[in-house]
Structure formats: structure tokens, C-alpha cells
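Please read the structure below before turning to the comments.
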There are 4 protein chains.
Amino acid sequence: MTDPSLAVGGRREELLRAAARVFAEKGYHGARISDVAEEAGVAYGLVYHYFRSKDELLETIFHESWGRMVAVLESLADSPKPALERLRLVTTALLRTWQQEPDLVRVLVREVARSPQLQDRAGEFGAAFTVIRRVIEDGQASGEVRSDIDARLAAWIVYGALEEILTGWVLGQLPDDDDAVAQAERTLADVVFGGIAR
Amino acid sequence: MTDPSLAVGGRREELLRAAARVFAEKGYHGARISDVAEEAGVAYGLVYHYFRSKDELLETIFHESWGRMVAVLESLADSPKPALERLRLVTTALLRTWQQEPDLVRVLVREVARSPQLQDRAGEFGAAFTVIRRVIEDGQASGEVRSDIDARLAAWIVYGALEEILTGWVLGQLPDDDDAVAQAERTLADVVFGGIAR
Amino acid sequence: MTDPSLAVGGRREELLRAAARVFAEKGYHGARISDVAEEAGVAYGLVYHYFRSKDELLETIFHESWGRMVAVLESLADSPKPALERLRLVTTALLRTWQQEPDLVRVLVREVARSPQLQDRAGEFGAAFTVIRRVIEDGQASGEVRSDIDARLAAWIVYGALEEILTGWVLGQLPDDDDAVAQAERTLADVVFGGIAR
Amino acid sequence: MTDPSLAVGGRREELLRAAARVFAEKGYHGARISDVAEEAGVAYGLVYHYFRSKDELLETIFHESWGRMVAVLESLADSPKPALERLRLVTTALLRTWQQEPDLVRVLVREVARSPQLQDRAGEFGAAFTVIRRVIEDGQASGEVRSDIDARLAAWIVYGALEEILTGWVLGQLPDDDDAVAQAERTLADVVFGGIAR
DNA sequence: GATGAATGAGATTTCATTCAT
DNA sequence: AATGAATGAAATCTCATTCAT
């Protein structure tokens with residue numbers, strides 16, 4: 001099997017992508033291992049050749065994609081630009097992921113971010129908070145951001161707004177065509193930076 | 001009436017409260033009917049006298065509590081006060097519920113909001129968004145709120161911020177003593193109303 | 001279901017007996033839970049109502065039957081008779097079990113006594129050794145038994161001889177009609193008591 | 001040649017020894033082909049170059065080692081010595097094998113002797129009984145052994161005693177240092193030859 | 001109302017075996 | 001000879017739901 005259409009990765013990555021698609025469509029609990037195998041076009045025992053359990057599949061999807069995501073966010077947060085500009089870059093990057101990898105976002109938003117074991121993954125999720133919080137604190141240090149608000153709570157609020165917009169898209173309750181995405185990016189920045197009050 | 005909790009008294013309500021506790025702790029899928037029965041101190045066959053299925057249990061928790069919640073929010077949103085003041089009342093009411101019924105909030109946030117059948121409940125969930133959105137539109141009409149942002153997206157953002165703070169409390173990652181709750185209320189209002197930019 | 005033919009015990013005991021029969025016929029590994037359920041005439045899942053796992057089924061058969069067995073042996077060993085007579089009673093009781101509960105003996109001999117986890121059960125098995133050893137030591141004290149042999153090793157040898165005869169019956173390699181059983185009892189006693197040398 | 005062990009040298013023999021070690025530790029059913037391969041330090045596909053199946057592995061261990069063992073016993077039984085002396089040589093040879101190849105003994109005792117297909121191997125196993133029995137019958141002919149006991153049953157008893165002592169060593173319940181082994185040999189001969197009665 | 005025994009569909013997981021390289 | 005990816009039958013176990021008492 002040397003199908004060149006699967007440019008990136010081998011069977012393992014193929015399975016991870018198939019799993020993300022299936023979990024996205026049916027939910028983690030609604031998906032059977034055989035669905036994943038079928039989606040990947042392999043026998044279902046093969047899933048267990050690469051992953052110890054169904055749970056490890058979800059865990060791996062989370063770890064690897066979230067790790068990449070956090071790396072991107074950190075590089076954006078470290079660029080030599082004004083804090084507010086960097087904050088905009090970070091939030092935009094998070095929102096854009098939806099368009100690039102909707103299945104992945106769907107899984108992260110619906111299955112991982114709200115699972116009962118979220119506790120265990122809090123640390124990894126927290127890395128994204130930390131990025132946002134650090135940018136906000138930079139802004140307070142540079143005078144771009146008000147000093148009378150708690151940076152940690154503000155980061156929490158920003159992250160929640162982001163996740164809810166993504167959720168709206170995931171659930172099909174907010175329009176997600178290119179224009180709508182651009183508008184969402186703008187509105188989020190407007191509200192976060194300038195508030196809603198006139 | 002500012003208490004959207006499940007009404008007290010009677011086996012049925014006892015079971016609903018027990019189910020909320022169990023679902024909150026283990027998640028809907030991780031919870032067994034026998035766990036619910038055990039938590040309520042009854043035989044598990046009895047659950048089926050009061051509810052047709054496990055799903056109906058969740059459905060009932062959602063309907064009865066969310067309906068009350070929306071009623072409370074609507075009454076607050078309809079009071080003859082400035083729009084921003086009403087918005088603050090609404091968000092505060094949502095946050096305060098956490099303190100009164102943490103298990104309930106946990107279930108609503110984690111289990112109901114992400115279930116595959118969310119489509120069916122979108123209307124009911126949307127009622128809360130609608131309340132927030134209407135208040136924001138009122139504010140735009142009265143000039144209290146900027147007209148250059150989309151009220152619907154703004155409502156979405158506000159709701160997301162709220163839910164994230166609740167999640168932070170649920171996960172024990174944000175302090176939830178009285179002072180911290182008050183501060184969260186203030187910060188949320190500050191950010192939403194005035195933005196973070198100086 | 002109030003079938004009076006199953007005079008002893010309820011469903012649980014019915015299942016244990018069925019499991020012993022199935023394990024005896026197919027071996028522990030060759031037996032499926034569904035075989036046990038079918039043999040007992042109940043639905044599959046019911047087995048798990050009474051026992052946590054297939055292993056617990058085997059474990060329970062062992063515990064309960066071995067416990068009864070040891071109690072019998074101990075009562076025989078404690079009777080106010082000469083040591084050699086008591087030793088004969090004990091060995092005879094063990095051999096007679098084959099005729100009374102062949103399936104049980106088959107399971108104990110083939111599945112339990114040689115399982116890799118035998119270590120864990122050594123203590124319980126050891127109770128039978130202890131009975132035999134104590135009788136031999138009593139005999140040494142009273143002068144009935146030679147003092148120049150190690151009681152522990154002698155007990156081990158007696159027990160091994162017993163188990164091998166049972167194994168011969170289990171595997172159908174030794175005749176087990178009433179006469180043959182009586183002869184085996186006699187020969188065992190002869191050899192153990194008097195040796196084979198003339 | 002008094003070494004019934006699996007012949008040294010070559011991948012095939014390496015695999016047989018590895019299999020014996022793994023079967024001894026985990027039991028036949030608890031052992032995976034991959035465990036055997038890992039123990040031998042080869043890829044597990046290779047096992048299938050040398051053996052058709054897992055079962056053939058066990059079968060081969062049995063045939064090759066048991067065949068050698070029986071040959072050794074037969075040569076001892078055929079030596080021109082008194083019957084009781086030859087019996088002592090035979091039992092001692094069996095016990096000594098334990099010290100040389102404990103894993104092998106463990107497998108023969110626990111896995112082969114109790115497998116459901118034992119019927120097929122009964123003949124081969126029986127060869128050892130036959131050796132013992134023949135020596136006893138020789139003894140009866142020569143007057144060394146009492147004629148009033150059944151030689152076949154006596155052979156079973158002797159074999160059972162042997163196996164139980166081996167089991168005690170396998171399970172670590174009997175001491176197996178050189179002195180203890182020598183004492184076991186002596187005690188076994190004492191009991192079998194002279195009985196325990198004074 | 002209340003109990004918990006009984007059912008059985010359905011899912012995960014294991015692992016001997018095959019086979020392409 | 002050697003590797004290990006790939007297969008899939010088969011087994012265990014779970015648990016929502018039903019039902020007799």
C-alpha cells in the first residue's frame with residue numbers, strides 16, 4: 001500500500017483522521033471502533049495494532065492536535081508586535097482552525113472539552129489559557145490594556161467566547177461561511193477590545 | 001422566584017436531584033441507572049416507574065430546570081431598567097445559579113449542551129440567547145450599546161464567557177468563594193461593557 | 001420459577017452447578033459463559049448478575065466446595081481414633097468425593113489445582129495438607145508412625161498419590177467402578193502404611 | 001545421556017526453550033505467541049516459520065522432551081540391578097530433572113498433563129507409568145515387592161507422589177536446595193518402600 | 001408503589017494466524 | 001530467513017429495559 005494520495009503520515013495518522021471524522025459525526029459514545037475502521041478502510045483489529053483502546057484514540061487525537069495548536073498560539077503570542085495585535089492573531093488562529101479542520105474542532109469542543117475526565121486534561125487545555133493570559137498581561141505592562149481587570153479572568157472570558165463561537169459553528173447554529181467567519185473575528189475583537197458600551 | 005432548581009419533595013424530584021448529582025459526577029454516559037437509584041436510596045426498577053428511560057431523565061432535568069431558568073432571565077430582562085443594567089442582572093443571575101445548584105449547572109453545561117440531540121433542544125437553549133440578545137438590541141435602540149456590532153454574535157460571546165466561568169468553577173480551576181464570584185461578576189461586566197483596551 | 005426439583009439453593013447455586021458441569025466437560029478455557037447459561041437454562045446476562053466474571057465463577061466453585069471439603073476432613077481428623085485409622089478415613093473421604101461429585105473433582109483437579117494462579121490459592125489448598133500432616137504427626141507422637149520420616153514430606157506424598165488416583169479417574173485411565181474404587185482405597189492405605197517392600 | 005532437555009542450538013530450539021519458559025510462567029492459555037517471540041528476541045511472525053501453530057509448539061515441547069525422558073527412564077529400568085534399586089534410580093531421575101529444567105517440568109506437569117487432548121497423549125504419558133509399573137512387577141516376580149498390591153495402582157501412587165513433590169518445588173512451597181532434594185528422594189523411597197507405619 | 005431477578009443486544013477487546021515485503 | 005502490518009472470528013462483559021411478584 002503506497003497510495004500517494006495520503007501524503008501525510010502512514011496508517012496511524014490515517015486512522016487518527018478517520019477517528020476524528022467518525023467521532024465528529026456520531027460523537028465519541030455513538031461511534032464504534034468498527035465505524036472508525038470502516039471509515040479508514042481497514043479491518044477493525046488493525047485499530048488495536050496502533051492504539052490500545054478506543055479511549056486512547058480520543059486521547060491521542062487531543063494530545064497531538066492540541067499540542068500543535070498550542071505551539072502555533074505560542075509562536076503567535078511571542079511575535080514582536082503590540083499585545084492587542086497579538087491577541088487578535090491568537091483568537092483569529094483559533095477561530096480559523098474551524099475552517100481548516102472542522103472535524104477536529106468538533107471533537108475537541110464536544111467530546112474532549114466537556115468530558116468528565118476534563119480534570120485530567122486541564123493542564124494541557126490550560127496552556128491555551130496561559131498564552132492568552134500572558135498576552136493580556138503584556139498589554140497591561142505596556143499600557144495597551146486596562147490594569148483594573150484581572151488578567152486571568154479576562155483570559156477565561158476570551159477563551160469562553162471563542163469556544164462558544166466555535167460551538168455555534170459546530171452545532172450549525174451560527175453561519176460559518178467566509179463572510180460570517182470574518183465578521184465573527186471582527187466582532188470578537190471589537191467586543192473584547194472596546195466592550196459593547198458606547 | 002429566582003430559584004430555577006428542581007422542585008423539592010416527592011420521590012420523583014428526589015430521583016431527579018439524584019440523577020443530576022450522578023450525571024454531574026460521572027457524565028451521562030458514565031452513569032448507570034443503578035447509580036442513580038443507589039444515590040436516591042431506592043431500588044433501580046423504581047426509576048422506571050417515574051421515567052420512561054435514562055434519556056427521559058436527562059430530558060426532564062433539562063426541561064424543568066432550564067424552563068425555570070429562562071423564566072427568571074426573562075423576568076429580569078423585562079424589568080423597566082436601563083439595558084446594560086438588565087444585562088448585568090441577567091448574567092449575574094446565571095452565575096449565581098452555580099452557587100445554588102452546581103450539579104445542575106454541570107449537567108446542563110456538559111451533558112445537555114453537547115448531546116447529539118442538541119438540535120432538538122436548540123430552541124429551548126436558544127431562549128437564553130434570545131433573552132441576552134434582546135437586551136443588547138434594546139440597548140442599541142436606546143443608544144446605550146454600540147450599533148456597529150452584531151447583537152446576535154455579541155450575545156453568543158457573552159454567553160460563552162458565562163459558560164466558561166461556570167466551567168472554571170465546575171473544574172475547580174477558578175476560585176468560587178463569595179469574593180471571587182463577586183469579582184467574576186464585576187470583571188465580566190467590565191470586559192463586556194467596556195472592553196479591555198484602555 | 002419454583003421448580004422443586006432443584007431442592008438445594010436458588011439460582012446462584014444452580015449456576016455454580018451448571019458451571020462445574022460445563023467446566024468439567026470443556027475445561028475452563030474451552031467453556032464459554034453462554035455455555036454455562038445454556039446449561040443452567042437462563043439468559044446470558046444473568047450469570048453476571050450473580051458473578052462478576054468468568055473467573056469469579058471458577059473461584060467461587062473452588063472456595064465453596066474446597067471449604068466444605070476441608071471442614072469434612074478436619075472433622076474426620078479430629079475424631080477420637082488411632083492416627084492411622086484417621087488417616088485412612090481422610091484419604092477415603094477424598095477419594096469418595098469422586099463418586100459423589102465427579103464434575104467438581106474434575107474441575108478442582110484439572111482447572112484449579114494446576115492453574116498459573118495456584119500460588120494465590122496455595123493457602124487454601126494447604127489446609128488439606130495441614131490436616132494430613134497433623135494426623136501423621138499425631139501418629140508419630142503416639143508411636144503409630146515412624147519418627148524417622150519428615151511429616152510434611154510424607155503428607156505431600158500422600159496428597160500427591162490421592163490426586164493422581166483422582167486424575168486417573170478423571171481422565172478415564174483408571175477404572176472407577178465401585179470395586180476399583182474400593183481396591184484403590186485399600187491399595188493406597190497398604191502402600192502408605194506398609195510400603196511396597198516385602 | 002541423562003538430560004531430557006530440549007536440545008541446544010538453532011533458532012528452532014531457542015524458540016522451544018523460550019516457549020517453555022513463557023508457558024511455565026503464564027500458562028499455555030495465558031501466553032501469547034508474541035510473548036514467546038519476545039522472550040526469544042525475534043519477531044513473532046518467525047514463530048510460524050518453525051511451527052504451524054501455538055498448539056504445535058506445546059506439542060513439540062512435550063514430544064521431544066518427554067520422549068527423551070522416557071528413554072532415560074527405560075534405560076534405567078533396564079539396568080541389571082535389583083528392582084527396588086532400579087525404582088529408586090527412576091524416581092530420582094525424575095526428581096532431578098526438576099533441578100535441570102524447572103520450566104520444562106512445570107509445563108509438562110501443568111499444561112500438558114491437564115489439557116483436554118490428553119487422551120491423544122495418554123499413550124506417551126503412559127510410557128512413564130509403564131516403566132514404573134514394570135519395575136514394580138519385576139520386583140514382585142523377584143520377591144522384592146509384596147504380591148498383594150496391584151502394580152498398576154502402585155505405579156500411579158508413586159507417580160502422583162513424584163508429581164506432587166515437583167509441584168511443591170514449582171510453587172515454592174517445598175524447599176528445593178540440594179539437601180532438601182536429597183531428603184525428598186530419601187523420604188520418597190522410605191515411604192514407598194517401607195510405608196509410614198512402624 | 002416498590003423490588004430486584006432476568007433478558008439480550010451490542011460493544012470492546014484479544015490474539016492466533018496470514019501474508020506482503 | 002525474517003519482519004510486523006493486517007485480518008477477523010470469537011469471547012467477555014455492560015447495562016438499559018422488562019416483568020413477575
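Chain identifiers are assigned alphabetically (A, B, ...) following the order of the sequence lines, protein sequences preceding nucleic acid strands; residue numbering begins at 1 within each chain.
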Stems with DNA chain E, 3 or more Watson-Crick or G-U pairs in a row (under 3.5 Å), are E:2-21 with F:2-21
Hey, are C:E64 and C:R12 close enough for a salt bridge, meaning a charged N less than 4.0 Å from a carboxylate O? yes
Given that B:G45 and C:G45 both sit by DNA chain E, which one's nearest nucleotide is further toward the 5' end? B:G45
Would A:R121 and A:F62 count as a cation-pi pair here, with the cationic atom under 6.0 angstrom from the ring centre and within 45° of the axis? yes
Is the NZ or CZ atom of D:K54 both under 6.0 Å from the centre of the six-membered ring of D:Y28 and within 45° of that ring's axis? yes
How close or far is atom [atom2] of [N] from atom [atom1] of [X], stated in whole angstroms?
{"X": "D:Y28", "N": "E:dC15", "atom1": "OH", "atom2": "P", "result": "13 Å"}
{"X": "A:L58", "N": "E:dT12", "atom1": "CG", "atom2": "P", "result": "13 Å"}
{"X": "D:E14", "N": "F:dA1", "atom1": "CD", "atom2": "P", "result": "14 Å"}
{"X": "C:E56", "N": "F:dT12", "atom1": "CD", "atom2": "C1'", "result": "14 Å"}
{"X": "D:L46", "N": "E:dA16", "atom1": "CG", "atom2": "P", "result": "16 Å"}
{"X": "D:L15", "N": "F:dA1", "atom1": "CG", "atom2": "C1'", "result": "12 Å"}

Just how far is it from atom CG of A:L166 to atom CZ of A:R110, taken to the nearest 0.5 Å? 13.0 Å
When rounded to the nearest 0.5 angstrom, what distance separates CZ in D:R52 from CG in D:L57? 12.5 Å
Per the under-4.0 Å heavy-atom filter, residues of residues 48-55 of chain A near DNA chain E come out as A:Y48, A:S53, A:K54
By side-chain hydrogen bond (donor to acceptor under 3.5 Å, both in side chains), which residues pair with B:R11, not counting sequence neighbours? none
Using only modelled atom types and a 3.5 angstrom limit, is any donor from either the side chain of D:Y44 or the base of F:dA5 paired with an acceptor on the other? yes
Are more than 12 heavy atoms, taken from residues, nucleotides or ligands other than D:E25, located less than 6.0 Å from that residue's CD atom? no
Can a side chain N or O of C:R11 be found less than 4.0 Å away from OP1 or OP2 on E:dA6? yes
Show me the donor-acceptor pairs within less than 3.5 Å that the side chains of residues 33-46 of chain C make with the rest of the protein, sequence neighbours left out.
from	atom 1	to	atom 2	distance (Å)
C:D35	OD1	C:R32	NH2	3.1
C:D35	OD2	C:K26	NZ	3.4
C:D35	OD2	C:R32	N	2.9
C:D35	OD2	C:R32	NE	3.3
C:E39	OE2	C:R21	NE	2.6
C:E39	OE2	C:R21	NH2	3.4

B:E124: which residues meet the salt bridge (charged side-chain N to carboxylate O under 4.0 Å, His left out) condition with it, sequence neighbours left out? none
Quick check: closest heavy atoms across D:D103 and D:A20, and the distance to 0.1 Å? CB-O, 4.0 Å
Whether the B:T167 and A:R114 side chains hold a donor-acceptor pair (N or O, under 3.5 Å, no angle test) is what I'd like checked. no
Strand-adjacent residues in residues 30-43 of chain C, judged by heavy atoms under 4.0 Å from DNA chain F: C:A31, C:R32, C:I33
